[in-house]
Amino acid sequence: PHVYHFDGKAEVEEYTRSVGVPSTFFLAGFYMSNLPGQTFRFDNGKWTLALPTPSSSLFPVFDTADTGKFVKAAILHRDETLGKRLLGATEYMTGDQLVEGFKKVFPEAGKTASYYQLPEDVYLNILKGLGMPEFVAQELLENMLLLGTFGYFGGESLDWTHSLVEEKLTTWEEFIKTPVWNDLK
């Protein structure tokens with residue numbers, strides 16, 4: 001009930017539809033750039049991806065640098081996309097698959113990499129410890145919990161959107177080869 005940024009996006013879409021503005025709606029997936037640092041980090045001699053959702057939760061991974069590829073698809077396929085939603089994600093990946101991709105790209109650093117499901121209260125305390133107000137921390141927690149309960153896009157297939165995108169989308173393994181992770185082997 002506290003995922004306000006998704007509620008806001010839904011209200012914008014609802015309003016746009018109600019006034020009859022010809023529109024295509026782009027829904028960005030789970031930003032790959034959200035993972036390095038606090039969420040996927042090196043601590044106590046090993047890499048850990050720690051989130052308050054089961055490792056089997058599906059993350060619709062999305063590199064923000066791919067945004068234009070989806071916008072281009074909407075423009076090139078205007079009649080087909082009007083009134084519809086384009087789902088911005090390369091693929092659905094579980095937390096375990098994200099860790100496995102990390103191990104593949106960085107076999108030395110990733111030897112002991114793992115996924116850890118944080119207790120909800122621990123996740124909240126971490127966020128508040130970073131200076132987030134309680135309502136923001138609660139919203140981020142509930143956003144993460146959506147992944148394991150309803151799914152980020154409600155489990156909707158990415159196939160239709162992918163059929164419209166002409167350029168190759170960035171994979172998780174390609175993304176983590178970027179300078180964010182440049183000291184790893």
Side-chain angles (χ1 to χ4, degrees), residues 1-37 39-40 49 51-102 104-105 135-136 138-181:
H2 301 103
V3 187
Y4 304 117
H5 67 286
F6 279 178
D7 291 343
K9 291 173 186 182
E11 289 169 11
V12 168
E13 180 179 335
E14 184 178 300
Y15 175 76
T16 303
R17 289 180 186 280
S18 75
V19 297
V21 175
S23 305
T24 299
F25 303 94
F26 173 70
L27 283 64
F30 188 89
Y31 292 9
M32 293 182 208
S33 58
N34 285 341
L35 292 174
T39 305
F40 203 147
L49 175 55
L51 290 167
T53 188
S55 64
S56 59
S57 299
L58 293 174
F59 297 80
V61 294
F62 171 67
D63 181 2
T64 58
D66 286 346
T67 302
K69 297 172 185 178
F70 292 96
V71 172
K72 179 181 174 183
I75 293 167
L76 293 177
H77 301 277
R78 181 183 187 277
D79 293 339
E80 193 175 347
T81 62
L82 278 177
K84 298 200 174 126
R85 297 176 177 153
L86 293 179
L87 305 180
T90 301
E91 65 180 314
Y92 286 107
M93 295 182 75
T94 66
D96 288 332
Q97 289 171 321
L98 291 167
V99 170
E100 288 307 310
F102 180 83
K104 183 178 175 184
V105 172
F135 78 94
V136 174
Q138 184 66 38
E139 179 176 6
L140 288 174
L141 168 65
E142 291 182 22
N143 189 78
M144 291 296 127
L145 297 177
L146 281 172
L147 294 166
T149 52
F150 305 107
Y152 199 94
F153 294 134
E156 189 175 335
S157 172
L158 304 173
D159 292 345
W160 179 73
T161 298
H162 285 183
S163 74
L164 303 173
V165 175
E166 296 179 355
E167 298 169 59
K168 184 180 179 311
L169 297 171
T170 306
T171 67
W172 167 242
E173 291 177 11
E174 290 167 341
F175 177 81
I176 61 177
K177 290 178 183 176
T178 62
V180 172
W181 307 85

Locate the shortest heavy-atom distance separating [X] from [Y]; write the atom from each residue and the value.
| X | Y | value |
| --- | --- | --- |
| Trp160 | Arg85 | CZ3-O, 3.4 Å |
| Leu87 | Thr161 | N-OG1, 3.1 Å |
| Lys69 | Leu169 | CD-CD2, 4.0 Å |
| Ala89 | His162 | O-NE2, 2.7 Å |
| Tyr92 | Glu156 | OH-O, 2.6 Å |
| Ser23 | Thr16 | OG-CG2, 3.0 Å |

Atom pair [atom1]/[atom2] of [X] and [Y] - distance to nearest 0.5 Å:
| X | Y | atom1 | atom2 | value |
| --- | --- | --- | --- | --- |
| Phe70 | Ile75 | CZ | CD1 | 14.0 Å |
| Glu91 | Leu158 | CD | CG | 9.0 Å |
| Glu174 | Met32 | CD | CE | 8.5 Å |
| Leu86 | Thr67 | CG | OG1 | 11.5 Å |
| Phe59 | Thr90 | CZ | OG1 | 15.0 Å |
| His77 | Thr24 | NE2 | OG1 | 11.5 Å |

Legend entry - is_close_aromatic(Phe175, Phe62), centroid dist under 6.0 Å: no

Inset, instruction - Walk me through it: do Thr94 and Leu58 pass the test side chain to side chain contact (heavy atoms under 4.5 Å, CB included)? - result: CA-CA 5 Å; Thr94 66; Leu58 293 174; 3.7 Å; yes

Inset, instruction - Tell me, yes or no, whether the heavy-atom count around Arg78 atom CZ, taken from other residues, nucleotides or ligands under 6.0 Å, exceeds 12. - result: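 12 or below, so no.
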
Legend entry - Working for side chain to side chain contact (heavy atoms under 4.5 Å, CB included), residues Val61 and Leu98: CA-CA 9 Å; Val61 294; Leu98 291 167; 3.9 Å; yes

Less than 4.5 Å apart, side chain to side chain, heavy atoms only: is that true for [X] and [Y]?
| X | Y | result |
| --- | --- | --- |
| Ser57 | Thr149 | no |
| Leu35 | Trp172 | yes |
| Leu27 | Tyr152 | no |

Legend entry - Pair Glu13 + Lys9, salt bridge at N-O below 4.0 Å: no

Inset, instruction - Apply side chain to side chain contact (heavy atoms under 4.5 Å, CB included) to the pair Phe25 and Arg17, showing each step before the final yes or no. - result: CA-CA 10 Å; Phe25 303 94; Arg17 289 180 186 280; 3.5 Å; yes

Legend entry - Polar side-chain atom of Tyr4 near backbone of Glu139 as donor-acceptor pair, under 3.5 Å: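 No, Tyr4 side chain to Glu139 backbone: no donor-acceptor pair under 3.5 Å.
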
Inset, instruction - Could you walk me through whether Phe6 and Leu146 pass the side chain to side chain contact (heavy atoms under 4.5 Å, CB included) test, one step at a time? - result: CA-CA 11 Å; Phe6 279 178; Leu146 281 172; 3.8 Å; yes

